[in-house]
Structures are given as C-alpha cells and as structure tokens.
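Report on the structure given below.
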Amino acid sequence: MQRALQPAALLWLAASAGAVLLAMRLELLEGLYQFSRLHEDWEIDEFFAISIVAGVTLPLFQWRWNRRLAMAQRQTREAQDEAQRVALQDPLTGLPNRRAVHEYAMRAAEREGPGGVTLLLLDLDRFKPVNDLRGHDAGDLLLRAVAQRLRQTCPEDAMVARLGGDEFVVVLARADASGMGETLAQHILQALTEPFDFDGWSAGISCSIGVADWMPGLGSADLLRMADQAMYRAKQSGRDGWSRFDGPLGDRQRERAALEQDLRVALAIGAITPWFQPIWAIGGRSLRGVEVLARWIDPRRGFVPPDVFIPLAEELGQIERLSELVLDRACAAAAAWPLPLPFSFNLSPRQFADPNLPRRILEILGRHGLPGSRLEIEITERAVLADIDVARRIVRDLAEAGVRVSLDDFGTGTSSLAILTQLPIDHIKIDRSFIAGVDRLPERGKIVTGVLALAESLGLSVTAEGIERDEELRFLQQRHCARGQGFLLGRPQPAEGIAQLLADEPGILQDAG
C-alpha cells in the first residue's frame, strides 16, 4: 500500500505546482487579484490564501500519514511472521514442534510419494530420575543437549522435532527414506547412550524408538500413531531399542483399542459384576466366607479373563471406578443373603495409595446397611510398600470400623515378613504358586509348613489359595491349615448361587468367624 499511496501524493504535489505555474503563465493570478480588489467585501483573497496553503500542506500530511501506515503494516507483518515461527517451534529446544511435524510430513508425503517418508518417534528412557533427583532445570538442560545431539546425528535434510515432554521425532523425506529408518534408529541409539556431561554432573540415558513408513491414504496423525505403537512395543521389549510398525502390530493395537472402548462401555452400563468363590474350613464342612471376584461376560467377546481387563483398567486409570462398582454390587448382594456371610475384597496398589479410601469403603457398606465386620480387605505387599505411612493409616481406620485386613499372595514378595511387623494384619493368604504340587515338591512343602508355623506364633489365621487336588487338601489338613479355597472346594459363582447355598444349609456358618 505504501507504493500505491506515495505516487498519489507526488502526483498531487506535481498537479498543484503545475496549476500554479499555468496560472502564472496565463496571468490568472493577476486577474484574480484584480477581481478580489473589486470585491473586497467578499474576502476572496483570504479564500485564495487558504486554498493555496491547503494545496501545499495536504500532500505533505498525506505523505506523512502514508509513511506511518506503511510502518504499522510492516510491524504487523513482522508480528505475524514471529507468531507463525513461535507456533511452529518448541520454545525450550528451538526445534520444530508437533504442529510443524504434521505440516512437514503431509507436504513431504505429497512430494515424495509412497516409500518417501519415514518417521521415527523417540521416547527417552531413564529421563524421569534426572528430573526427580536434580530438578526440572537440569531436565531442561538435558533435553536441550539431546536436541543438539540429535541434530548432529541425523542427516541435514531430516527434520528433528520435539513433540513435548521427553518425546522427539525425526522425519526423513527422500526417495530411500524407508530403507534408512533402521540404520538411522541404530545410529540414534548409539549416540544417545554416550553420557551427557554438564558442569559438575553427568546423565546416562537411552531411548526407545518406533519407526513407521508413510502409506497412501494416511494422514500425519496416522503416521505418528503408528510410530507411537511401534515405540511402545520397543519399550515392552526391554527399552533401549527400536521397533518398526507392521501389520500384525497394527492388528494387536486395533484389538487393544477396541478392548479399551468395550471396557469403558462395560463400566458405564455396569456389565462387570461380582462373583463369589467359597472359602471353606479345611477341617470340616463349614463355610467361612467368600472372596469377591470381578467377572466380565461381553455379548460379543464372551468371557473376558480378569487378568486381561483388570490390568487394562489400571492402565486406563479406571481401576478405582471398577473396584467401587464391583464392591457396591457385592454389598447389595450380601445384604440380601439369608445369613451374615463374611466376604473379602481385593484392592489394587493404586487404590491403597489414596488416604480417602477408608471413607469411601465405609460409605458403600453404610449404603447397604452392612457392618464393617462383614468385610475383609485383601492387600498385596506391593500396595503397602508404595507408601507405608499411608498404608498404616488406612489399615488403622478400617480396623477401627471393624473391617479386617488380610495380606494376599503371602510369600511372593521380599518384604512380607516386615509388613506383618508394621501393620495390624488379621489374616494371611498363601499364594497358589506355593500350593500347587505342595504334596510332591519338598521345597514348597517346607515353605507352606513354615508359613503355617509363623502364622500360629503370631496369632494369624491362614487361607490356602488354589487348592485343586485331593493330595494338596490332605497335606494342608495334616498341617492344620484353617481355611482353603480353590476349584476343588468350590468354583466362583453368581450371588444367586451363594444365596441358594445359604438357604439350603442354614447351619453351614456354625463355625464361621
């Protein structure tokens, strides 16, 4: 606009000057002067003076305004360019960011065609300890150093970008890109294993890399997703390695995504229900309680094993919702049984880290009119060791409300004995891995015998899990194990089955407690 307005101002000045010269040549000014003298009462001379001044000054004002307008436009363009640069750049490392990766990858795919774009997604291993031990400033320093080393390692025509956190991306756009992915991944792994030395300290890290090749019909988000899935597989394989996205991996990831969606739906509609496995007194025919087990029977998938959907719920952050749903429905069923049968319920380590857990458990019991003495909470060593102080407060609050606490999977960890000395545990459960073949494997027999002797000395009751053979049951009877559960004694069943058992045998709880 500056170029358009400035000539206009010059033209105005030239026209004004030309008009004055023409008027002088034709003696128009003299005529106007004589005319104004004859009509002094009209004040024509003042009008002409004002017109002349305006004719000279207006172009000057216009020229000055044009200059200011041009300067404002230039500043606006510079601000827009800077905003565009900031929008496409990671402020910490100076590398392109996620948005820049999307734009670059799509342009490269259109230009290079199939096989011409390969994306490597890097996730740093052992980066979190640097942040935790040395602070975020040290972490930022390490990220900048990683960015510099990646630029030095990768080809000049490759885009090196940071997605955020400790994730980086390398985009290769050339005819032989797909053939270079593996070689470049190995070079990056080797480069990042070299220590990063700073002033007074050093850091040793590695990375996991996912490699994905662009294919027709994909968008940049699809390419990133594929590389992320391959990177996740590299982490599962032990970290400090790379993996390429392929068809079978895509099938597994799609199945996992579908399972995640089905699990969310199942939680929303209450499709995961409690089943109950009987716990019997080994020395007689009395029912001592039941263990609550989560069961999911999907209309399309059929029976989904708990060791599939429970870890998935933990990964999705849905384990609290799942547990409270199942516990609430278990309490509703127990409240309707004809006899006050105790029941036990497992808690995940994630739940046991919440100081508000006792309040929520007691609210569920209260909602169904059940006393705390009807419930036994099962915890694992891993749940307790996450924060022993929080665990101690939770166990104390539950015990004050009459809820019993048992240590599940006893003997499978390294600190089970220490936990017994630090928490008011009422009961221990011997893991099924020790019970299987206990009658014919001497080492397991010694361990189980020792655990039973320890529990007796501490005044703890014991339940043996996973009893599936008559020989295992006789071994436990001979050593006076109080309680047992397993397929030999009774399989898990819906609440209606337990209610029928209690109705048919009203004396079945005569020794319960």
Side-chain angles (χ1 to χ4, degrees), residues 84-125 127 140-196 205-235 239-246 249:
Q84 179 71 5
R85 184 189 65 80
V86 170
L88 297 175
Q89 187 179 69
D90 172 51
L92 177 64
T93 62
L95 296 177
N97 61 11
R98 181 184 293 269
R99 178 180 170 185
V101 169
H102 285 295
E103 294 185 2
Y104 179 81
M106 291 311 298
R107 289 197 306 268
E110 294 173 359
R111 183 180 68 251
E112 301 294 340
V117 177
T118 293
L119 186 144
L120 289 76
L121 177 61
L122 292 70
D123 186 85
L124 301 184
D125 303 325
F127 173 75
D140 291 346
L141 189 63
L142 178 57
L143 290 173
R144 286 192 289 267
V146 169
Q148 182 179 1
R149 191 170 293 184
L150 287 175
R151 280 192 293 253
Q152 295 170 348
T153 304
C154 296
E156 292 185 359
D157 59 348
M159 168 186 269
V160 179
R162 178 177 177 238
L163 294 186
D166 59 352
E167 285 191 333
F168 293 83
V169 160
V170 178
V171 183
L172 290 172
R174 54 168 72 175
D176 59 346
S178 60
M180 290 189 59
E182 175 181 346
T183 302
L184 181 55
Q186 293 172 342
H187 288 167
I188 291 173
L189 288 171
Q190 183 177 358
L192 293 188
T193 54
E194 296 294 326
F196 290 84
I205 62 170
S206 61
C207 71
S208 300
I209 304 176
V211 182
D213 299 320
W214 182 82
M215 294 177 289
L218 296 181
S220 56
D222 299 317
L223 192 60
L224 269 174
R225 176 181 52 79
M226 290 160 54
D228 182 70
Q229 293 171 2
M231 183 271 294
Y232 181 74
R233 181 167 66 178
K235 281 192 175 293
R239 304 175 184 267
D240 192 18
W242 67 275
S243 176
R244 182 184 290 276
F245 181 88
D246 55 24
L249 173 60

| request: Dump the intermediate steps for side chain to side chain contact (heavy atoms under 4.5 Å, CB included) on L224 and L163, then the final yes or no. | output: CA-CA 10 Å; L224 269 174; L163 294 186; 4.0 Å; yes

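- Between V169 and R98, the closest side-chain pair of non-hydrogen atoms is not below 4.5 Å.
- Here the CZ atom belonging to R107 is positioned 13.0 Å from the NE2 atom belonging to H102, to the nearest 0.5 angstrom.
- The CZ atom of R162 sits 13.0 Å away from atom CG of L122, with the distance rounded to the nearest 0.5 Å.
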| task | Step by step, work out the side chain to side chain contact (heavy atoms under 4.5 Å, CB included) result for K235 and D125. | result | CA-CA 9 Å; K235 281 192 175 293; D125 303 325; 2.5 Å; yes

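- For D166, there are no salt bridge (Lys or Arg N to Asp or Glu O under 4.0 Å) partners at least two apart in sequence or on another chain.
- With sequence neighbours excluded, no residue forms a side chain to side chain donor-acceptor pair (under 3.5 Å) with T193.
- The shortest heavy-atom contact between I209 and A234 is O-CB, 3.8 Å.
- Closest approach of A230 to F245, counting heavy atoms only: CB-N, 3.6 Å.
- Under 3.5 Å, the side chains of R233 and S243 contain a donor-acceptor pair of N or O atoms.
- Taking 4.5 Å as the limit, some side-chain heavy atom of L189 sits within range of a side-chain heavy atom of C207.
- In this structure, Q186 places its CD atom where more than 12 heavy-atom neighbours from other residues, nucleotides or ligands lie under 6.0 Å away.
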| task | Check the pair V146, I205 against side chain to side chain contact (heavy atoms under 4.5 Å, CB included), reporting the backbone distance first and the verdict last. | result | CA-CA 10 Å; V146 169; I205 62 170; 3.8 Å; yes

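- A heavy-atom distance below 4.5 Å is not found between the side chains of V171 and L223.
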Check residues 152-160 and write down every donor-acceptor pair under 3.5 Å in which the side-chain atom is one partner and the other belongs to a residue at least two apart or another chain.
{"from": "T153", "atom 1": "OG1", "to": "R149", "atom 2": "O", "distance (Å)": "2.8"}
{"from": "D157", "atom 1": "OD1", "to": "R174", "atom 2": "NH2", "distance (Å)": "2.8"}
{"from": "D157", "atom 1": "OD2", "to": "R174", "atom 2": "NE", "distance (Å)": "3.2"}
{"from": "D157", "atom 1": "OD2", "to": "R174", "atom 2": "NH2", "distance (Å)": "2.8"}

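- How far CE of M180 is from CG of L172: 5.5 Å, rounded to the nearest 0.5 Å.
- Note: N97 CG to D90 CG = 7.0 Å, rounded to the nearest 0.5 Å.
- To the nearest 0.5 Å, the span separating CZ on R225 from CD on Q229 amounts to 5.0 Å.
- In this structure R144 satisfies the salt bridge (Lys or Arg N to Asp or Glu O under 4.0 Å) test with no other residue, sequence neighbours excluded.
- Closest approach of M231 and S208 over heavy atoms only: CG-O, 3.4 Å.
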| request: Run the numbers on L143 and F127 for side chain to side chain contact (heavy atoms under 4.5 Å, CB included), then give the verdict. | output: CA-CA 9 Å; L143 290 173; F127 173 75; 3.8 Å; yes

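- Judged as a side chain to side chain donor-acceptor pair (under 3.5 Å), and not counting sequence neighbours, D240 has no contacts.
- Among all heavy-atom pairs drawn from T93 and A147, the shortest one is CB-CB, 3.8 Å.
- Taken from CG in D123 to CZ in F168, the straight-line distance is 10.0 Å, to the nearest 0.5 Å.
- In this structure, Y104 and A173 approach most closely via the heavy-atom pair OH-CB, 3.7 Å.
- D140 is linked by a salt bridge (Lys or Arg N to Asp or Glu O under 4.0 Å) to nothing, counting only residues two or more places apart in sequence or in another chain.
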